[in-house]
Amino acid sequence: MGFGDLKSTAGLRVLNDFLADKSYIEGYVPSQADIAVFEAIAVPPPADLFHALRWYNHIKSYEKQKASLPGVKKALGKYGPADVEDTTGAATDSKDDDDIDLFGSDDEEESEEAKKLREERLAQYESKKSKKPAVVAKSSILLDVKPWDDETDMAKLEECVRSIQADGLVWGSSKLVPVGYGIKKLQIQCVVEDDKVGTDMLEERITAFEDYVQSMDVAAFNKI
């Protein structure tokens with residue numbers, strides 16, 4: 001059982017495959033098993049190993065709470081798929097035996113390089129995530145604008161409606177629809193950004209033209 005060498009691309013690929021249908025190393029909540037595997041990784045997984053990268057960034061968010069996570073941390077070889085050979089023992093032995101480590105200074109330099117590479121990859125990931133465009137919620141609204149009587153200048157009424165300008169408001173097509181007794185209403189389309197323009201604001205602005213407008217109703221409202 002194990003993941004192999006998690007400092008290598010091969011080891012990270014094993015981890016990525018293992019996490020393809022799992023959220024955590026063990027169970028359904030973050031635990032000491034996740035911390036043990038996380039600490040064995042030298043640098044964040046590359047973007048193409050997205051299961052491993054997703055898990056890595058999620059566990060990194062628990063850095064300040066890792067001591068309080070449930071479970072007991074076991075040897076790294078106790079985690080992972082059963083058909084992968086555990087190659088962590090020799091590396092652990094040499095790391096623990098400080099007295100005979102003749103190349104300790106080289107290991108420290110490599111550790112600093114790995115730390116720097118990890119920070120660079122995390123910065124690149126955060127930068128890409130921050131550049132994703134925010135989704136702007138929009139709606140298509142069909143308005144019925146009713147005049148006072150059949151003598152109302154409908155061209156002037158429409159001119160008044162279209163004169164309303166606001167950030168997030170775009171006027172579309174329009175037509176006159178008979179309502180009876182020679183009276184016609186203005187039916188006009190508009191597209192709005194939901195966070196900036198609402199139907200209450202439109203009604204207030206349109207009915208302010210009280211010489212022409214009797215009332216305003218929403219005939220249709222559709223999210224885009």
Side-chain angles (χ1 to χ4, degrees), residues 16-17 19-24 27-30 34 44-65 120-224:
N16 185 72
D17 293 342
L19 291 168
D21 58 353
K22 300 177 182 64
S23 297
Y24 302 102
Y28 300 97
V29 296
D34 296 283
D48 61 321
L49 302 180
F50 48 87
H51 297 302
L53 181 60
R54 176 261 307 159
W55 168 86
Y56 181 92
N57 288 317
H58 181 54
I59 299 305
K60 182 176 173 60
S61 70
Y62 286 94
E63 187 170 4
K64 293 182 180 179
Q65 298 101 339
E120 288 176 353
R121 284 191 176 176
L122 282 173
Q124 291 173 358
Y125 175 79
E126 292 297 330
S127 176
K128 287 182 180 179
K129 188 166 67 172
S130 66
K131 290 178 181 177
K132 289 184 178 180
V135 177
V136 178
K138 294 183 178 181
S139 299
S140 174
I141 307 175
L142 184 63
L143 302 176
D144 281 346
V145 184
K146 297 176 184 177
W148 288 105
D149 51 41
D150 60 344
E151 295 183 357
T152 301
D153 186 340
M154 296 303 292
K156 184 63 178 178
L157 184 149
E158 181 174 353
E159 181 183 333
C160 291
V161 172
R162 290 186 181 276
S163 71
I164 298 171
Q165 301 294 320
D167 185 24
L169 169 64
V170 178
W171 293 109
S173 61
S174 64
K175 63 180 179 180
L176 297 179
V177 179
V179 295
Y181 303 102
I183 300 173
K184 295 181 180 180
K185 65 182 177 181
L186 172 69
Q187 197 166 74
I188 185 167
Q189 190 91 22
C190 66
V191 174
V192 302
E193 292 184 23
D194 295 347
D195 290 341
K196 297 177 180 178
V197 180
T199 54
D200 289 343
M201 184 272 271
L202 289 172
E203 183 174 13
E204 180 182 350
R205 298 280 293 275
I206 290 173
T207 54
F209 297 106
E210 54 188 19
D211 290 341
Y212 302 96
V213 178
Q214 180 197 76
S215 64
M216 186 214 84
D217 295 312
V218 176
F221 189 106
N222 296 295
K223 294 288 186 181
I224 297 177

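Since this is a predicted model, take the numbers as computed values, not measurements.
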State which residues pass side chain to side chain contact (heavy atoms under 4.5 Å, CB included) with [X]; sequence neighbours excluded, sorted by chain then number.
X      : result
Arg121 : Val43, Pro44, Pro46, Leu117
Val179 : Ile183, Lys185
Gln165 : Trp171

Worksheet item: Hey, is NZ on Lys175 packed in by over 12 heavy atoms from elsewhere, all under 6.0 Å?
Response: no
Which residues satisfy the side-chain hydrogen bond (donor to acceptor under 3.5 Å, both in side chains) test with [X], sequence neighbours excluded?
X      : value
Gln189 : Ser140
Tyr24  : His58
Thr199 : none
Glu193 : Lys196

Show every donor-acceptor pair shorter than 3.5 Å between a side-chain atom in residues 153-163 and any protein atom, with sequence neighbours excluded, or say none if there are none.
from: Asp153; atom 1: OD1; to: Ala155; atom 2: N; distance (Å): 3.1
from: Asp153; atom 1: OD1; to: Lys156; atom 2: N; distance (Å): 3.2
from: Glu158; atom 1: OE2; to: Arg162; atom 2: NE; distance (Å): 2.9
from: Glu158; atom 1: OE2; to: Arg162; atom 2: NH2; distance (Å): 3.3
from: Glu158; atom 1: OE2; to: Ser174; atom 2: OG; distance (Å): 2.7
from: Arg162; atom 1: NH1; to: Gly172; atom 2: O; distance (Å): 3.1
from: Arg162; atom 1: NH2; to: Gly172; atom 2: O; distance (Å): 2.7
from: Arg162; atom 1: NH2; to: Ser174; atom 2: OG; distance (Å): 3.3
from: Ser163; atom 1: OG; to: Cys160; atom 2: O; distance (Å): 2.4

Worksheet item: Which salt bridge (Lys or Arg N to Asp or Glu O under 4.0 Å) pairs, counting each pair once, include a residue from residues 51-61, with sequence neighbours left out?
Response: Lys60-Glu63
Fill in: Residue pairs passing the side chain to side chain donor-acceptor pair (under 3.5 Å) test where at least one lies in residues 206-216, sequence neighbours excluded
none
Worksheet item: Can you list the residues that meet the ring pair (Phe, Tyr, Trp, His ring centres under 6.0 Å) rule with Phe50, with sequence neighbours excluded?
Response: none
Fill in: Partner residues of Phe221 under the ring pair (Phe, Tyr, Trp, His ring centres under 6.0 Å) criterion, sequence neighbours left out
none
Practice prompt. Report yes or no: does Asp217 contribute a side-chain atom to a donor-acceptor pair with the main-chain N or O of Asp144 at less than 3.5 Å?
Written response: no
Response to the item:
Test side chain to side chain contact (heavy atoms under 4.5 Å, CB included), reference Val192, set Val170, Ile141, Ile224, output is Ile141
Fill in: Note, Leu169 side chain near Leu202 side chain (heavy atom, < 4.5 Å)
yes
